[in-house]
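Worksheet: one structure, shown below.
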Number of protein chains: 2
Amino acid sequence: MANPLQTRFHADDIAQAEHYLATDPPAELDPRVERLVNDLIGRIADKWTLLVLELLEEKGVLRFSAIGRQIDGISQKMLTQTLRQMERDGLLTRTVHPVVPPRVDYALTPLGNSLSAAFCGVWVWAERHLDIVEAARATFDARD
Amino acid sequence: MANPLQTRFHADDIAQAEHYLATDPPAELDPRVERLVNDLIGRIADKWTLLVLELLEEKGVLRFSAIGRQIDGISQKMLTQTLRQMERDGLLTRTVHPVVPPRVDYALTPLGNSLSAAFCGVWVWAERHLDIVEAARATFDARD
DNA sequence: CTGTATCCACAGTGATACTG
DNA sequence: CAGTATCACTGTGGATACAG
């Protein structure tokens, strides 16, 4: 039986995610570092970044228009912006082929892959608990 | 040596996060489910929700003002809004004590704890790769 | 103390048009 | 094809005041 999440995340990535959980995290956690980590999470956890991350993890290398086509509802502006941010953060590479018409390929870096792996647990959680959350909302909305 | 992340995440939660990664995820992943999951992630991954989740995971039970005091920069409005959303999603419980002055306690539900555990991997990733990301940004910003 | 209500400023977003 | 530029808009979020 096909298993979308298993095809989406490489076994290596999942192994690495387990590695993150199993090994000791850094000992230092002063407020400044905490703020930076929060900032970083805030940036990488936005809607479009997550979708691009997921898509590239699954598909490997894609060109600009292919990404735009496969992510529902994203505008060209937001796609460009998201890709630039991710490139700046070292999550993906942007390869411009000097041909006409222009062709630009995007692919995750190892850093991007590792982030995708780190988010694997959140994806699985969301998928697993979707029904529970919706039930909780229904209950909450019922009484007021 | 003290280890903030180990104190922040209970051993049980980490075990559960490993469980998520180790076991087979649900087989079905039609576009509708995918959209719902994306929505859900978009909601739970916002800045304040993440900070509240982290704080309550660490501290256990806290009252309204205590949360507001310990999360830097959050306004009363956003705190109320965030707590309501999380309560609606079943992530935390809101307990009103009928005393004067009023006292309202907030605590994570098992669902909230499991979400916190799922995000553990992302936290560790962010902490681990903070320097790499900042270096990537510096490199990116240098050439233009 | 724990909220709600109101107002307002501004950043994020989408639509559109245009360029190399 | 792969963007950039411009603009109008909307919602988020902060400040403030007030209520239970």
Worksheet item: Do the side chains of A:Leu40 and B:Glu134 get nearer than 4.5 Å, heavy atoms only?
Response: no
Worksheet item: So do the side chains of A:Trp48 and A:Asp46 get within less than 4.5 Å of each other, counting heavy atoms only?
Response: yes
Fill in: Side-chain touch B:Phe64/B:Asp105, heavy atoms, less than 4.5 angstrom
no
Practice prompt. Applying salt bridge (charged side-chain N to carboxylate O under 4.0 Å, His left out), name anything that partners B:Asp141, two or more places apart in sequence or on another chain.
Written response: A:Arg88
Discussion item. Looking at A:Met78, is its backbone amide N or carbonyl O close enough to the side chain of A:Thr82 to form a donor-acceptor pair, meaning the two atoms are under 3.5 Å apart?
Written reply: yes
Discussion item. Is any side-chain heavy atom of A:Leu83 closer than 4.5 Å to one of A:Val104?
Written reply: no
Practice prompt. Please examine the side chains of B:Leu51 and B:Ile74, heavy atoms only from C-beta on, and report whether any two atoms are closer than 4.5 Å.
Written response: no
Fill in: Matching residue for B:Leu108 among B:Leu115, B:Leu92, B:Thr93 - test: side-chain contact (heavy atoms from CB on, under 4.5 Å)
B:Leu92
Item to complete: Say whether A:Ser116 and A:Asn113, considering side chains only, have a donor N or O and an acceptor N or O under 3.5 Å apart.
Response: no
Discussion item. Below 4.0 Å from chain B heavy atoms, what is the first contacting nucleotide of DNA chain D and what is the last?
Written reply: D:dG13 to D:dG20
Worksheet entry | nucleotides 13-20 of chain C: protein proximity per nucleotide (B base, S sugar-phosphate only, - neither; heavy atom, under 4.0 Å) | BBB----B
Worksheet item: Could you state the CD1-P distance from B:Ile67 to C:dG3, rounded to the nearest angstrom?
Response: 9 Å
Fill in: Non-hydrogen atoms of B:Asp89 and A:Arg137 that approach each other most closely
OD1-NE, 2.5 Å
Worksheet item: Taking atom P of C:dC1 as reference, at what distance in whole Å does atom CZ of B:Phe64 sit?
Response: 11 Å
Practice prompt. To the nearest 0.5 angstrom, please state how far the OG1 atom of B:Thr95 sits from the NE2 atom of B:His97.
Written response: 6.0 Å
Response to the item:
So, with a heavy-atom separation below 4.0 Å from DNA chain D, the residues of residues 82-94 of chain B are none
Item to complete: Can you sort out the partners of A:Arg69 under salt bridge (charged side-chain N to carboxylate O under 4.0 Å, His left out), two or more places apart, ordered by chain and number?
Response: none
Worksheet item: With under 30° as parallel and over 60° as perpendicular, where do the rings of B:Phe119 and A:Phe119 fit, or are they tilted in between?
Response: perpendicular
Worksheet item: End-to-end bend of the helix from C:dC1-D:dG20 to C:dG20-D:dC1 (five-pair axes, 10° rounding)?
Response: 50°
